[in-house]
Amino acid sequence: QVQIAQSGGGLVQPGGSLRLSCVASGFTVGSYAIAWFRQAPGEEREGVSCMTNTDGFTYYADSVKGRFTISRDNSKNTVFLQMNSLKPEDQGVYYCAAGLGSPLLYDASWTEAREYDYWGQGATVIVSS
């Protein structure tokens, strides 16, 4: 049975840091492209970052470049999103996702939620003083 268990959300002050985690079961994260999306209240879900499967190439939304880092630990079947210098506009529900598409697919459309096969349950991030 495929499951993705997320953790790491919470309340943080502007300028602070959080690390989100997703532990996968039922599939091997190293074989999948992994991504993080977020959704603010009243907004559409948006792609934050993606790491492809075979070459490990990474993509970031312009709004988070230089502040967020996506990574995975294949030995723990876990993916991470390290978020630094958080801003109020970063808050929302963060979802991790995994997809079996090729690197070429994600190079063209990593921000498209439909390209991912499995999703975590979401973790809420609140950035407020």
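- Looking only at distances, a side-chain donor or acceptor of Ser102 sits under 3.5 Å from a matching main-chain atom of Leu105.
- For Cys22, the disulfide (SG to SG under 2.5 Å) partners two or more places apart in sequence, or in a different chain, are Cys96.
- Val12 places none of its side-chain heavy atoms less than 4.5 Å from the side chain of Ile126.
- Both the sub-6.0 Å distance and the 45° axial angle are satisfied by Arg19 relative to the ring of Phe80.
- No more than 12 heavy atoms of other residues, nucleotides or ligands sit less than 6.0 Å from atom CD of Glu44.
- Legend: disulfide (SG to SG under 2.5 Å) pairs involving residues 98-129, not counting sequence neighbours: none detected.
- Using a 4.5 Å heavy-atom threshold, the side chains of Tyr116 and Tyr32 count as separate.
- Using modelled atom types, no side-chain atom of Thr78 and backbone atom of Asp73 make a donor-acceptor pair closer than 3.5 Å.
- The minimum heavy-atom distance linking Val29 with Asn74 is given by the pair CG2-OD1, 3.8 Å.
- By the criterion of side-chain heavy atoms lying less than 4.5 angstrom apart, applied directly or through intervening Ile, Leu, Val, Met, Phe, Trp or Tyr residues, Val2 is not grouped with Val23; the two fall into different hydrophobic clusters.
- The shortest side-chain heavy-atom distance between Ser49 and Arg38 does not fall under the 4.5 Å cut-off.
- For residues 99-129, no residue pair satisfies the disulfide (SG to SG under 2.5 Å) rule, not counting sequence neighbours.
- Looking only at side-chain heavy atoms (C-beta outward), Val125 and Leu11 stay at 4.5 Å or farther from each other.
- Taken to the nearest 0.5 Å, the CG atom of Leu20 stands 7.0 Å off from the CD atom of Gln6.
- Between Trp119 and Tyr95, the ring planes lie perpendicular to each other; the angle is over 60°, past the 30° to 60° tilted range.
- To the nearest 0.5 Å, the span separating CZ on Arg67 from CG on Asp90 amounts to 4.0 Å.
- Two residues are said to be in side-chain contact when any heavy atoms from C-beta on lie closer than 4.5 Å; Glu115 and Tyr106 meet this criterion.
- For the pair Leu100 and Asp117, the tightest heavy-atom approach, listed with the atom from each and the gap, is N-OD2, 2.8 Å.
- Between Ser129 and Pro14, the shortest heavy-atom contact is N-CD, 3.7 Å.
- You'll find the ring centres of Tyr60 and Phe68 outside the 6.0 Å limit.
- Side-chain contact check for Asp107 versus Tyr59: some heavy-atom pair is nearer than 4.5 Å.
- The pair Lys65-Asp62 counts as a salt bridge, with a side-chain nitrogen and a carboxylate oxygen less than 4.0 angstrom apart.
- One finds the CD atom of Gln3 at 9.5 Å from the CD atom of Gln121 (value rounded to the nearest 0.5 Å).
- Here the closest heavy-atom approach between residue Cys50 and residue Trp110 is recorded as CB-CE3, 3.5 Å.
- Put simply, the side chain of Gln82 reaches to within 4.5 Å of the side chain of Ser17, judged on heavy atoms.
- The minimum heavy-atom distance linking Leu86 with Met83 is given by the pair CD2-CB, 3.8 Å.
- The cluster map of Ile, Leu, Val, Met, Phe, Trp and Tyr, joined by side-chain heavy atoms under 4.5 Å apart, puts Tyr94 and Ile4 in the same cluster.
- Cluster membership check: Ile34 does not share its hydrophobic cluster with Phe37, using side-chain heavy-atom separations under 4.5 Å among Ile, Leu, Val, Met, Phe, Trp and Tyr.
- From Ser128, atom OG reaches atom CD of Gln13 across 8.5 Å, with rounding to the nearest 0.5 Å.
- Here the side chains of Arg72 and Met51 are in contact, with some heavy-atom distance below 4.5 Å.
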